[in-house]
Amino acid sequence: MVSANREMAVFCFDTLVAHYNSEQAPPPAFDEGQHPLFVTWKKVVNGGEPRLRGCIGTLEAHCLINGFRDYALTSALRDRRFPPIQAKELPYLQCTVSILTNYETARDYLDWEVGKHGMIIEFTDPDYNTRRSATYLPEVAAHEGWTKIEAIDSLIRKAGYNGTITESLRKRIRLTRYESTLFTMHFSEYLAYVKTARGAAPTINGAKPH
(Lines give C-alpha, C1' and ligand atoms only; values in the text may rest on other atoms or scores of the structure.)
Protein backbone atom coordinates (compact mmCIF):
# COMPACT_ATOMS: atom_id res chain seq x y z
CA MET A 1 0.00 0.00 0.00
CA VAL A 2 1.48 3.31 -1.09
CA SER A 3 1.03 6.27 1.27
CA ALA A 4 1.25 9.95 0.41
CA ASN A 5 4.72 11.20 1.34
CA ARG A 6 7.13 14.12 1.37
CA GLU A 7 8.68 13.28 -2.00
CA MET A 8 5.28 13.52 -3.70
CA ALA A 9 4.71 17.01 -2.27
CA VAL A 10 8.24 18.03 -3.32
CA PHE A 11 7.52 16.81 -6.85
CA CYS A 12 4.32 18.92 -7.00
CA PHE A 13 6.27 22.03 -5.95
CA ASP A 14 9.04 21.10 -8.41
CA THR A 15 6.46 20.80 -11.17
CA LEU A 16 4.92 24.20 -10.42
CA VAL A 17 8.33 25.90 -10.13
CA ALA A 18 9.44 24.31 -13.42
CA HIS A 19 6.25 25.64 -15.07
CA TYR A 20 7.07 29.23 -14.05
CA ASN A 21 10.68 28.77 -15.20
CA SER A 22 9.68 27.05 -18.48
CA GLU A 23 11.86 24.08 -17.49
CA GLN A 24 11.46 20.36 -16.91
CA ALA A 25 10.94 19.30 -13.29
CA PRO A 26 13.64 17.04 -11.83
CA PRO A 27 12.68 13.35 -11.74
CA PRO A 28 10.68 12.45 -8.63
CA ALA A 29 12.10 10.48 -5.71
CA PHE A 30 9.21 8.03 -5.30
CA ASP A 31 8.25 4.79 -6.99
CA GLU A 32 5.83 4.41 -9.84
CA GLY A 33 2.41 2.94 -9.13
CA GLN A 34 -1.26 3.36 -10.00
CA HIS A 35 -3.61 5.04 -7.53
CA PRO A 36 -6.38 7.64 -7.40
CA LEU A 37 -4.85 10.91 -6.22
CA PHE A 38 -5.54 14.59 -5.50
CA VAL A 39 -3.39 17.71 -5.26
CA THR A 40 -4.59 20.58 -3.04
CA TRP A 41 -2.99 24.04 -2.93
CA LYS A 42 -3.72 26.40 -0.06
CA LYS A 43 -2.40 29.89 0.63
CA VAL A 44 -1.31 30.99 4.09
CA VAL A 45 -1.25 34.77 4.59
CA ASN A 46 -0.03 36.48 7.76
CA GLY A 47 -0.20 33.29 9.78
CA GLY A 48 -3.94 33.01 9.19
CA GLU A 49 -6.03 29.97 8.34
CA PRO A 50 -4.85 28.36 5.07
CA ARG A 51 -7.26 29.26 2.26
CA LEU A 52 -7.99 26.98 -0.66
CA ARG A 53 -6.37 28.02 -3.97
CA GLY A 54 -7.04 24.91 -6.00
CA CYS A 55 -7.90 21.23 -5.59
CA ILE A 56 -8.22 18.78 -8.45
CA GLY A 57 -7.49 15.09 -8.82
CA THR A 58 -8.76 11.82 -10.18
CA LEU A 59 -10.99 9.18 -8.58
CA GLU A 60 -9.64 6.60 -11.04
CA ALA A 61 -6.31 4.86 -10.54
CA HIS A 62 -3.64 6.91 -12.29
CA CYS A 63 0.08 6.51 -12.84
CA LEU A 64 1.51 8.39 -9.82
CA ILE A 65 4.31 10.30 -11.53
CA ASN A 66 2.20 11.50 -14.47
CA GLY A 67 -0.75 12.01 -12.15
CA PHE A 68 1.03 14.28 -9.69
CA ARG A 69 2.69 16.13 -12.57
CA ASP A 70 -0.65 16.73 -14.30
CA TYR A 71 -2.75 17.53 -11.25
CA ALA A 72 -0.14 19.76 -9.59
CA LEU A 73 -0.53 22.08 -12.58
CA THR A 74 -4.24 21.54 -13.21
CA SER A 75 -5.18 22.32 -9.60
CA ALA A 76 -2.83 25.34 -9.47
CA LEU A 77 -3.73 26.85 -12.82
CA ARG A 78 -7.08 25.49 -14.00
CA ASP A 79 -9.41 25.13 -11.00
CA ARG A 80 -12.41 27.08 -12.32
CA ARG A 81 -13.26 28.35 -8.83
CA PHE A 82 -10.05 30.41 -8.56
CA PRO A 83 -7.72 32.55 -10.68
CA PRO A 84 -4.50 30.73 -11.67
CA ILE A 85 -1.81 30.74 -8.98
CA GLN A 86 0.94 33.22 -9.84
CA ALA A 87 4.67 32.74 -9.19
CA LYS A 88 4.66 35.55 -6.61
CA GLU A 89 2.23 33.51 -4.47
CA LEU A 90 4.65 30.57 -4.13
CA PRO A 91 6.17 31.65 -0.77
CA TYR A 92 2.67 31.52 0.79
CA LEU A 93 1.61 28.15 -0.60
CA GLN A 94 1.20 24.80 1.04
CA CYS A 95 0.66 21.64 -0.96
CA THR A 96 -1.28 18.59 0.20
CA VAL A 97 -0.99 15.36 -1.75
CA SER A 98 -3.65 12.69 -1.21
CA ILE A 99 -3.72 9.05 -2.27
CA LEU A 100 -7.19 7.50 -2.09
CA THR A 101 -7.83 3.95 -0.88
CA ASN A 102 -10.51 1.55 0.40
CA TYR A 103 -13.41 2.40 -1.91
CA GLU A 104 -16.69 0.97 -0.58
CA THR A 105 -20.29 1.35 -1.66
CA ALA A 106 -22.23 2.86 1.26
CA ARG A 107 -25.62 1.52 2.35
CA ASP A 108 -27.11 5.01 2.22
CA TYR A 109 -26.09 8.69 2.24
CA LEU A 110 -25.30 8.61 6.00
CA ASP A 111 -23.14 5.46 5.93
CA TRP A 112 -19.77 7.18 6.44
CA GLU A 113 -17.75 8.83 9.23
CA VAL A 114 -16.79 12.51 9.40
CA GLY A 115 -13.00 12.83 9.38
CA LYS A 116 -12.44 9.24 8.26
CA HIS A 117 -14.17 8.92 4.90
CA GLY A 118 -14.24 10.93 1.74
CA MET A 119 -17.39 10.46 -0.28
CA ILE A 120 -18.43 10.43 -3.89
CA ILE A 121 -22.10 11.09 -4.50
CA GLU A 122 -24.01 10.31 -7.69
CA PHE A 123 -27.65 11.14 -8.29
CA THR A 124 -30.14 12.08 -10.99
CA ASP A 125 -31.15 15.75 -11.07
CA PRO A 126 -34.97 15.58 -10.78
CA ASP A 127 -35.38 18.89 -12.67
CA TYR A 128 -33.27 18.03 -15.72
CA ASN A 129 -33.05 14.22 -15.52
CA THR A 130 -29.24 14.50 -15.78
CA ARG A 131 -26.63 12.57 -13.81
CA ARG A 132 -24.70 14.63 -11.30
CA SER A 133 -21.71 13.72 -9.12
CA ALA A 134 -19.21 15.35 -6.77
CA THR A 135 -16.67 14.39 -4.14
CA TYR A 136 -15.12 15.72 -0.95
CA LEU A 137 -11.84 14.40 0.43
CA PRO A 138 -11.97 12.93 3.97
CA GLU A 139 -10.62 16.05 5.68
CA VAL A 140 -13.16 18.51 4.22
CA ALA A 141 -16.25 17.83 6.35
CA ALA A 142 -14.21 17.76 9.58
CA HIS A 143 -12.36 20.96 8.66
CA GLU A 144 -15.63 22.77 7.90
CA GLY A 145 -17.26 21.49 11.09
CA TRP A 146 -20.18 20.03 9.15
CA THR A 147 -22.68 17.43 10.22
CA LYS A 148 -23.17 14.55 7.78
CA ILE A 149 -26.30 16.14 6.34
CA GLU A 150 -24.59 19.53 5.93
CA ALA A 151 -21.72 17.82 4.11
CA ILE A 152 -24.09 15.91 1.82
CA ASP A 153 -26.14 19.03 1.06
CA SER A 154 -22.96 20.94 0.26
CA LEU A 155 -21.88 18.12 -2.07
CA ILE A 156 -25.25 18.20 -3.81
CA ARG A 157 -24.66 21.91 -4.49
CA LYS A 158 -21.08 21.22 -5.58
CA ALA A 159 -22.47 18.73 -8.10
CA GLY A 160 -24.39 21.62 -9.66
CA TYR A 161 -27.90 21.00 -8.36
CA ASN A 162 -29.73 24.27 -7.62
CA GLY A 163 -33.19 23.02 -6.74
CA THR A 164 -34.68 22.31 -3.33
CA ILE A 165 -32.82 19.61 -1.41
CA THR A 166 -35.37 17.16 -0.04
CA GLU A 167 -34.99 14.03 2.05
CA SER A 168 -36.24 11.97 -0.90
CA LEU A 169 -33.43 13.42 -3.05
CA ARG A 170 -30.87 12.53 -0.37
CA LYS A 171 -32.22 8.99 -0.19
CA ARG A 172 -31.73 8.52 -3.93
CA ILE A 173 -28.01 9.32 -3.70
CA ARG A 174 -25.55 6.56 -4.51
CA LEU A 175 -22.63 7.15 -2.16
CA THR A 176 -19.17 5.64 -2.41
CA ARG A 177 -16.95 6.19 0.60
CA TYR A 178 -13.17 6.05 0.63
CA GLU A 179 -10.18 6.80 2.83
CA SER A 180 -6.94 8.60 2.04
CA THR A 181 -3.40 9.13 3.20
CA LEU A 182 -2.13 12.67 2.84
CA PHE A 183 1.01 14.71 3.29
CA THR A 184 1.18 18.50 3.60
CA MET A 185 4.25 20.62 2.92
CA HIS A 186 4.65 24.40 3.10
CA PHE A 187 6.83 26.22 0.57
CA SER A 188 9.38 27.06 3.29
CA GLU A 189 9.77 23.31 4.00
CA TYR A 190 10.15 22.68 0.28
CA LEU A 191 12.92 25.29 0.10
CA ALA A 192 14.73 23.70 3.04
CA TYR A 193 14.39 20.26 1.45
CA VAL A 194 15.79 21.45 -1.90
CA LYS A 195 18.71 23.28 -0.24
CA THR A 196 19.62 20.13 1.70
CA ALA A 197 19.05 17.62 -1.10
CA ARG A 198 20.40 19.63 -4.04
CA GLY A 199 22.75 22.13 -2.47
CA ALA A 200 20.96 25.30 -3.61
CA ALA A 201 17.53 26.86 -3.36
CA PRO A 202 15.46 27.04 -6.57
CA THR A 203 15.24 30.35 -8.38
CA ILE A 204 11.79 31.22 -9.65
CA ASN A 205 10.93 33.58 -12.48
CA GLY A 206 8.41 36.14 -11.24
CA ALA A 207 8.90 35.42 -7.54
CA LYS A 208 10.78 37.51 -5.05
CA PRO A 209 13.98 35.85 -3.79
CA HIS A 210 13.88 34.61 -0.20
Side-chain angles (χ1 to χ4, degrees), residues 4 8 12 34-43 49-64 66-85 94-184:
M8 294 168 184
C12 290
Q34 298 248 347
H35 291 275
L37 59 95
F38 269 75
V39 179
T40 304
W41 297 102
K42 290 187 177 180
K43 187 173 177 179
E49 183 75 14
R51 294 167 69 167
L52 189 63
R53 277 299 273 113
C55 177
I56 296 181
T58 171
L59 298 167
E60 306 288 322
H62 213 76
C63 155
L64 286 180
N66 289 342
F68 280 123
R69 182 187 291 121
D70 293 347
Y71 288 106
L73 293 179
T74 305
S75 59
L77 307 173
R78 290 189 283 280
D79 187 326
R80 290 195 302 265
R81 297 169 291 177
F82 306 99
I85 293 174
Q94 69 177 34
C95 177
T96 299
V97 290
S98 303
I99 290 183
L100 314 186
T101 57
N102 298 347
Y103 283 62
E104 299 172 311
T105 301
R107 291 189 304 274
D108 55 50
Y109 76 92
L110 293 174
D111 183 23
W112 57 280
E113 288 180 43
V114 174
K116 178 180 180 183
H117 294 115
M119 55 280 184
I120 304 161
I121 64 162
E122 300 169 85
F123 63 97
T124 300
D125 186 322
D127 300 332
Y128 298 97
N129 202 31
T130 51
R131 296 290 291 162
R132 296 194 178 277
S133 64
T135 188
Y136 277 141
L137 295 172
E139 62 270 22
V140 173
H143 179 263
E144 296 292 341
W146 287 334
T147 63
K148 287 187 185 180
I149 289 181
E150 287 169 340
I152 292 297
D153 288 358
S154 178
L155 260 184
I156 291 171
R157 294 289 183 229
K158 186 182 178 188
Y161 177 67
N162 296 317
T164 304
I165 298 175
T166 62
E167 181 62 13
S168 68
L169 175 67
R170 294 188 194 110
K171 283 183 172 169
R172 292 201 300 274
I173 285 171
R174 181 170 173 267
L175 189 140
T176 304
R177 67 188 189 191
Y178 59 88
E179 296 173 47
S180 73
T181 63
L182 52 92
F183 189 93
T184 299

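Residue numbers run from 1 in the order of the sequence given.
Nearest heavy-atom pair, Trp41 versus Ala72, reported as atom, atom and distance to 0.1 Å: NE1-O, 3.0 Å. Heavy-atom minimum distance, Tyr178 versus Pro138: CE1-CD, 3.9 Å. Of all heavy-atom pairs spanning Cys55 and Phe38, the tightest one is SG-CD2, 3.9 Å. Scanning both residues, Ile173 and Ile156, for their nearest heavy atoms gives CD1-CD1, 3.8 Å. For the pair Asp79 and Gly54, the tightest heavy-atom approach, listed with the atom from each and the gap, is OD2-CA, 3.4 Å. Heavy-atom minimum distance, Ala61 versus Gln34: O-OE1, 4.0 Å.
Partners of Ala151 under the side chain to side chain contact (heavy atoms under 4.5 Å, CB included) rule, at least two apart in sequence or in another chain, are Trp112, Met119, Ala141, Trp146. Scored by the side chain to side chain contact (heavy atoms under 4.5 Å, CB included) test, Thr164 finds Thr166 as partners (sequence neighbours excluded). Listed by chain and residue number, Thr40, Ser98, Leu182, Thr184 satisfy the side chain to side chain contact (heavy atoms under 4.5 Å, CB included) test with Thr96 (two or more places apart in sequence, or in another chain).
Open room surrounds CG on Asn129; 12 or fewer heavy atoms of other groups in view lie less than 6.0 Å from it. Shown here is Arg81, whose CZ atom has more than 12 heavy atoms of other residues, nucleotides or ligands within 6.0 Å. Crowding of Arg51 atom CZ: a count of heavy atoms from other residues, nucleotides or ligands under 6.0 Å not exceeding 12. When the shell of 6.0 Å around CD of Glu60 is examined, it contains 12 or fewer heavy atoms from other residues, nucleotides or ligands.
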For this session: Go through the steps for Arg170 and Ile149 under the test side-chain contact (heavy atoms from CB on, under 4.5 Å), then give the verdict.
Result: CA-CA 9 Å; Arg170 294 188 194 110; Ile149 289 181; 3.8 Å; yes
For this session: Could you walk me through whether Ile121 and Lys158 pass side-chain contact (heavy atoms from CB on, under 4.5 Å), step by step?
Result: CA-CA 10 Å; Ile121 64 162; Lys158 186 182 178 188; over 6 Å; no
For this session: For His35 and His62, run side-chain contact (heavy atoms from CB on, under 4.5 Å): C-alpha distance rounded to whole Å, both residues' side-chain angles, the deciding distance at 0.1 Å, then the answer.
Result: CA-CA 5 Å; His35 291 275; His62 213 76; over 6 Å; no
Problem set entry | Val97 and Cys12: CA distance, side-chain angles, deciding distance, side-chain contact (heavy atoms from CB on, under 4.5 Å) verdict | CA-CA 8 Å; Val97 290; Cys12 290; 3.7 Å; yes
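Atoms OH and CG, on Tyr109 and Leu169 in that order, are 10.0 Å from each other to the nearest 0.5 Å. For the atom pair CD1 (Ile152) and OG1 (Thr147), the distance works out to 9.5 Å, reported to the nearest 0.5 Å. Distance check, rounded to the nearest 0.5 Å: CG of Asp70 to OG of Ser75 gives 10.5 Å. The structure places NZ of Lys116 at 8.5 Å from CG of Asn102, a figure rounded to the nearest 0.5 Å. With rounding to the nearest 0.5 angstrom, the CG atom of Leu175 is 9.0 Å from the CD atom of Glu122. Taking CZ of Phe123 as the start and CZ of Arg174 as the end, the distance is 14.0 Å to the nearest 0.5 Å.
In this structure, Pro126 and Tyr161 have side chains that are in contact, with non-hydrogen atoms separated by less than 4.5 Å. Using a 4.5 Å heavy-atom threshold, the side chains of Ile99 and Phe68 count as touching. Side-chain atoms of Thr101 and Thr181, non-hydrogen and from C-beta on, never get closer than 4.5 Å to each other.
A donor-acceptor contact shorter than 3.5 Å links the side chain of Tyr103 to the backbone of Leu59. Side-chain atoms of Arg132 come within 3.5 Å of backbone atoms of Ala159 as a donor-acceptor pair (strictly under, hydrogens ignored). Checked by atom type and distance alone, the side chain of Arg53 pairs as donor or acceptor with a backbone atom of Pro83 at under 3.5 Å. A donor-acceptor contact shorter than 3.5 Å is absent between the side chain of Arg172 and the backbone of Thr124.
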